[in-house]
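What follows is a set of notes on a single structure, which appears directly below.
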Amino acid sequence: MTPNNLLMQFLADVLDVPVVRPLVAETPSLGAAYAAGLAVNFWADLDVLRSHWHAAAEWRPDIDPALRAKGYRKWRKAVSRSLDWVDEDDD
């Protein structure tokens with residue numbers, strides 16, 4: 001998902017928070033490697049690991065708050081209308 005710039009901006013707009021793409025896209029794997037390194041004292045502490053992290057790009061919310069609120073309200077309405085479609089005898 002992170003290579004998709006449009007999606008990253010959409011997330012920033014909808015969540016109303018900055019979204020940062022890390023330089024290393026495989027952060028779950030990198031996190032596991034860092035955790036293993038911490039466990040065997042390869043890394044001194046978390047501050048050392050923080051110094052290795054770098055941002056590749058950042059998106060800031062850029063949507064009118066009223067438009068965000070309206071979209072969220074409509075999303076909640078759509079979700080509520082999708083509930084209770086399955087009956088007990090629908091196996």
Side-chain angles (χ1 to χ4, degrees):
M1 295 183 335
T2 59
N4 187 326
N5 293 334
L6 179 62
L7 177 60
M8 297 298 101
Q9 184 62 57
F10 176 76
L11 288 174
D13 289 342
V14 169
L15 299 174
D16 195 22
V17 297
V19 173
V20 179
R21 178 184 337 178
L23 192 58
V24 176
E26 293 300 325
T27 53
S29 301
L30 184 60
Y34 281 165
L38 284 169
V40 298
N41 296 317
F42 183 82
W43 304 105
D45 55 29
L46 290 176
D47 289 331
V48 173
L49 298 181
R50 285 186 188 101
S51 71
H52 289 267
W53 191 90
H54 301 285
E58 181 174 352
W59 295 264
R60 298 222 170 249
D62 187 30
I63 190 173
D64 179 53
L67 183 58
R68 179 186 304 110
K70 180 180 178 182
Y72 181 56
R73 180 179 52 80
K74 289 183 168 280
W75 175 80
R76 290 182 55 187
K77 186 176 183 180
V79 169
S80 70
R81 288 183 177 183
S82 71
L83 300 175
D84 298 323
W85 281 64
V86 177
D87 295 325
E88 289 182 21
D89 63 346
D90 291 342
D91 293 16

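As the structure is a prediction and not an experimental result, all values here were calculated from the model. No hydrogens, no waters, no symmetry mates; every other heavy atom, side chains included, goes into these values.
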Inset, instruction - Taking all heavy atoms of Gln9 and all of Arg60, pick out the closest pair and write down the distance. - result: NE2-O, 2.9 Å
Inset, instruction - Please round to the nearest 0.5 Å and tell me the distance separating atom CZ of Arg73 and atom CZ of Arg76. - result: 10.5 Å
Inset, instruction - Check Pro61 against Pro18 and note the closest heavy-atom contact, atom names and distance. - result: CD-N, 4.0 Å
Inset, instruction - Answer with yes or no whether the hydrophobic clustering places Val14 together with Leu7; edges join I, L, V, M, F, W, Y residues whose side-chain heavy atoms lie under 4.5 Å apart. - result: yes
Legend entry - For Asp13 against Arg68, the heavy-atom pair lying closest together: O-NE, 2.6 Å
Legend entry - Leu38 side chain near Leu46 side chain, heavy-atom distance below 4.5 Å: yes
Inset, instruction - Tell me, yes or no, whether the heavy-atom count around Asp47 atom CG, taken from other residues, nucleotides or ligands under 6.0 Å, exceeds 12. - result: yes
Legend entry - Asp45 side-chain N/O to Val48 backbone N/O, donor-acceptor pair under 3.5 Å: yes
Inset, instruction - Would you give the length of the straight line joining atom CG of Asp64 to atom NZ of Lys70, rounded to the nearest 0.5 angstrom? - result: 11.0 Å
Legend entry - Leu6-Leu15 co-clustered via ILVMFWY side chain contacts under 4.5 Å: no
Legend entry - Closest non-hydrogen atom pair, Met1 against Met8: O-CE, 3.4 Å
Legend entry - Closest non-hydrogen atom pair between Trp59 and Asn5, with its separation: CZ2-OD1, 3.2 Å
Inset, instruction - Return the set of residues passing side-chain hydrogen bond (donor to acceptor under 3.5 Å, both in side chains) with Asn41 (not counting sequence neighbours), or none when no residue passes. - result: none
Inset, instruction - Answer yes or no: is there a donor N or O on one side and an acceptor on the other, between the side chain of Arg21 and the main chain of Thr2, under 3.5 Å? - result: yes
Legend entry - Cluster check Leu83, Trp85: I/L/V/M/F/W/Y, side chain < 4.5 angstrom: no
Inset, instruction - Could you please spell out the steps behind the side chain to side chain contact (heavy atoms under 4.5 Å, CB included) verdict for Leu30 and Tyr34? - result: CA-CA 6 Å; Leu30 184 60; Tyr34 281 165; 3.7 Å; yes
Inset, instruction - Determine the minimum heavy-atom distance between Val20 and Ala55, stating which atoms define it. - result: CG1-CB, 3.5 Å
Legend entry - Glu26 atom CD, over 12 foreign heavy atoms within 6.0 Å: no
